[in-house]
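Throughout, a chain's letter reflects where its sequence line sits, starting with A, and its residues are numbered from 1.
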Amino acid sequence: VRFEHLDGEFDDFVKESSNSLLRTAYLLVGDPGHAEDLVQTALLRTARRWSVAQTNPSAYARQVVANLAKDSWRNRSRRPAETVLDDLVTYPDDDGTHARFLLRQTLLRAVATLPLRQRSVLVLRFFDEMSIEETAAALGCSVGTVKSQTHHALSRLRTALAHDGLDAWKDEETCRADR
Amino acid sequence: VLTDDNLTALLQEAFEAATKDLHAPNGLAAHIRRNHRAQRRRAMLARGALPLAILAVFAAAVITPSVMTSSPGASHPNQATATSTRSTPTGEPAQVVHLAGYRFTLPVGVRAAPSCLMSRAFPTRAIATRARAQQATGFACLTMSVYHSRTGIPTRAKRIRIGPYQGWTAESPGEAKVGVLIPTGGTHRILLVVTAQPVGNTPTLAQLGRMIRVGLAHRFHN
């Protein structure tokens, strides 16, 4: 299939899914620059295999993003760790309470420490709202693995919150109940 | 008790909050199409004309070792077409890259791999660098290693003298992460330029990272 003939379809697909792909990639790799690279490469690969991908391009692209994140993680793990600058920290919105913000930050930090597969499972299932079967297909593993990885990931997050952020969550819930 | 439902709801909220400001640029599809075509062209060239190209490059290297060849004609402005090496006006070795109708001179130490010069759909490309800054006789010396953001291949370290800048003290040396930005997409501005702005009297590590901006902004017109 000549790619030029698919301009319209491909444009629509990119327009619809590029934002969500970028966000998924960001949650997987944790760096906006790397996430952009991942999305660009993923879209290129999707374009190259458009005849295969066009039945469900979104799932195909997501699978590529997950694979690229895995490769990227392997490459980066061989390099010295980089320092995160203060610029990258997001600050609370006007409508967000401070406790809630801290809780979110604690949770995101805990997610960042998870092994890549557990992180991928969480992102695909709870951010992209994919089913267990779809997640398994995207990650190239079995349904049972997705379930167990989800369980382990949530347990680790719960432990992390118990150490750092559960008090904030309880305060938040108490305030909410009082209101 | 933090139930699974509570935790996943909280997780969704955190994911949404962390990503709400991320947006893909307009015209992304056009960039992807352009890169796709360029890659296909390069692949065809590699399959069909590689032996001839090797012969031509070898012949050019033997016949005109010191003359920089002109751009062989990019079929698209975003396609990198040729690289060669020569000296800068100050006599330092440099790498010359033709891209987007411009001629760029990159200092040795900055890798100009073809994949690095691929037309970028996003407005900037952040290449992770680690910089070590130290004060010496009023000048800050920056030893920089540039990594390609996708392959992670480090280049040779480049030592650059910048300054003098007020506010740098003996406490300020340290490692900082800086970003090398290569704006692309029709308005290529590529070459290493180091700028820094003093922040306070004793900049912290993070301030140091913000102070040093290694931009690729020097442009040579054809």
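- The greatest number of non-hydrogen atom pairs below 4.5 Å with chain B, out of L157(A), V111(A), L68(A), L27(A), is found for L27(A).
- Between E16(B) atom CD and R23(A) atom CZ the span is 7.5 Å, to the nearest 0.5 Å.
- Annotation for A24(B) and L22(A): closest pair N-CD2, 3.7 Å, computed over non-hydrogen atoms.
- Across all their heavy atoms, A14(B) and R104(A) have their closest contact at CA-CD, 3.6 Å.
- To the nearest 0.5 Å, atom CG of residue D4(B) and atom NE2 of residue H151(A) are 8.5 Å apart.
- With a 4.5 angstrom heavy-atom cutoff, L43(A) touches chain B via backbone and side-chain atoms both.
- By the side-chain hydrogen bond (donor to acceptor under 3.5 Å, both in side chains) test, T19(B) pairs with no residue at all, sequence neighbours left out.
- Within the 4.5 Å cutoff, the side chain of L7(B) has heavy atoms near those of the L107(A) side chain.
- By the side-chain hydrogen bond (donor to acceptor under 3.5 Å, both in side chains) test, N56(A) is found to be paired with no residue, residues two or more places apart in sequence or in another chain being considered.
- Under the side-chain hydrogen bond (donor to acceptor under 3.5 Å, both in side chains) criterion, S142(A) pairs with T145(A), not counting sequence neighbours.
- By a heavy-atom distance cut of under 4.5 Å, L122(A), V123(A), F126(A), F127(A), E129(A) are the residues of residues 114-141 of chain A near chain B, going up by number.
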